[in-house]
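Input: a single structure, listed below in structure tokens.
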There are 2 protein chains.
Amino acid sequence: MTAPRRVIASAVDRLGRAFTIDDLVAEVRALAPSVGIATVYRAVAAMEAAHAVERVGTRDESALYVRCTADGHHHHLVCTGCGLVAHATCPLDDVPPLHGTEGFVVTAHELTLYGLCAGCATEVSPASELPRS
Amino acid sequence: MTAPRRVIASAVDRLGRAFTIDDLVAEVRALAPSVGIATVYRAVAAMEAAHAVERVGTRDESALYVRCTADGHHHHLVCTGCGLVAHATCPLDDVPPLHGTEGFVVTAHELTLYGLCAGCATEVSPASELPRS
DNA sequence: AGCACAAGTGATAATCATTCTCACTATGGA
DNA sequence: TCCATAGTGAGAATGATTATCACTTGTGCT
Ligand SMILES: [Zn+2]
Ligand SMILES: [Zn+2]
Ligand SMILES: [Zn+2]
Ligand SMILES: [Zn+2]
């Protein structure tokens with residue numbers, strides 16, 4: 001592939017954590033200042049289509065992505081303390097949602113778990129959580 | 001409350017189904033053409049804060065809302081055929097997600113179920129589903 | 001190597017949902 | 001009734017994302 005896409009892919013690796021497009025642009029431009037924002041958008045869209053990254057939500061009105069580490073159906077644990085995103089297996093596989101589904105045929109679902117990662121859980125006081133949903 | 005808010009509240013009732021701000025503006029203006037878009041945004045925000053409506057997702061880059069019918073913790077069934085949104089009880093209450101949660105303390109979750117409502121399930125061929133996630 | 005075509009790039013403008021500003025008005029209590 | 005306050009409406013402002021377009025790069029073929 002082209003040089004900008006290589007730089008963008010390695011920037012995603014270097015970031016490790018979840019990132020917005022702006023995070024990624026900053027990381028990319030540390031090495032290649034000439035790369036345009038539109039190119040980063042296009043590269044992330046291509047990586048998403050190729051399952052190299054996945055969108056995990058929104059932060060400050062901007063899309064959040066993480067590097068794809070797990071294959072197949074899974075969900076995400078989002079730390080409300082530091083923003084870390086971890087992968088989790090699906091807890092619904094053997095739990096059909098029976099109540100309230102009058103005639104509804106469920107074919108897909110989205111699940112995101114919020115909480116505190118190991119680091120944040122010990123670090124902060126229990127009162128400083130940011131509840132959600 | 002004021003006249004515009006009364007009109008907006010009754011328009012939400014009249015719609016019944018899930019709606020975007022534009023849907024609601026159209027319904028509102030059928031009776032009160034002078035109501036401004038910003039007023040509808042503000043009224044929906046107030047109703048959301050008062051738990052009179054809840055946001056259930058996104059349709060065509062616009063926020064989707066439904067009238068609040070269930071109290072407390074619950075989730076939503078979204079028909080990918082007609083857009084109908086129904087309420088569902090939480091299937092996770094007795095299923096702690098154990099796998100892959102190294103030290104993570106889960107405090108909240110978001111879950112949305114996609115599928116076909118009773119009407120759409122019988123009406124359309126099985127091939128025309130719109131899968132998600 | 002030389003060439004041709006397709007894909008990618010970068011700057012900029014356009015889009016579009018949502019929010020802000022501000023002058024004006026309706027509301028509801030004293 | 002009178003006033004303080006919250007709500008209103010029009011339009012401008014914001015900000016993320018996308019489209020446009022002329023230019024460059026990568027690729028395969030000869
Ligand atoms: Zn954390
Ligand atoms: Zn799942
Ligand atoms: Zn349906
Ligand atoms: Zn739940």
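In what follows, every chain begins at residue 1, and chains take the letters A, B, ... in the order their sequences are listed. Side chains included, hydrogens not; waters and symmetry mates left out as well; all remaining heavy atoms used.
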Output yes when a side-chain donor or acceptor of B:R29 lies under 3.5 Å from a complementary backbone atom of B:V35, and no otherwise. yes

Atom-to-atom span, [atom1] of [X] to [atom2] of [N] - whole angstrom:
X     : N      : atom1 : atom2 : result
A:L24 : D:dA16 : CG    : C1'   : 15 Å
A:M1  : D:dT27 : CE    : P     : 7 Å
B:R42 : C:dA17 : CZ    : P     : 18 Å
A:Y41 : C:dA11 : OH    : P     : 15 Å
A:D60 : D:dT14 : CG    : C1'   : 14 Å
B:R59 : C:dC16 : CZ    : P     : 17 Å
A:I37 : D:dA16 : CD1   : P     : 10 Å
A:I21 : D:dT17 : CD1   : C1'   : 9 Å

Between B:A3 and A:A3, which is nearer to the 5' end of DNA chain D once each is assigned its nearest nucleotide? B:A3

For [X] and [N], is the shortest distance between a side-chain N/O and OP1 or OP2 below 4.0 Å?
X     : N      : value
B:T39 : D:dG9  : yes
A:S62 : D:dG15 : no
B:T2  : D:dA6  : no

Tell me whether B:D13 at atom CG has more than 12 heavy atoms from other residues, nucleotides or ligands lying less than 6.0 Å away. yes

Assign each of A:E61 and B:R6 to its nearest nucleotide of DNA chain C by heavy atoms, then name whichever residue's nucleotide is nearer the 5' end. A:E61

Please evaluate the base of D:dG26 for a donor-acceptor partner in the side chain of A:R5 within a cut-off of under 3.5 Å? no

Is the shortest heavy-atom distance from the side chain of A:E27 to the side chain of A:R14 under 4.5 Å? yes

Is there side-chain contact between B:Y114 and A:E110, with at least one heavy-atom pair below 4.5 Å? yes

Identify whether any heavy atom of B:A63 sits under 4.0 Å from a base atom; if not, whether one sits that close to sugar-phosphate; answer base, sugar-phosphate or nothing. sugar-phosphate

For B:H75 together with A:H109, are the ring centres under 6.0 Å from each other? no

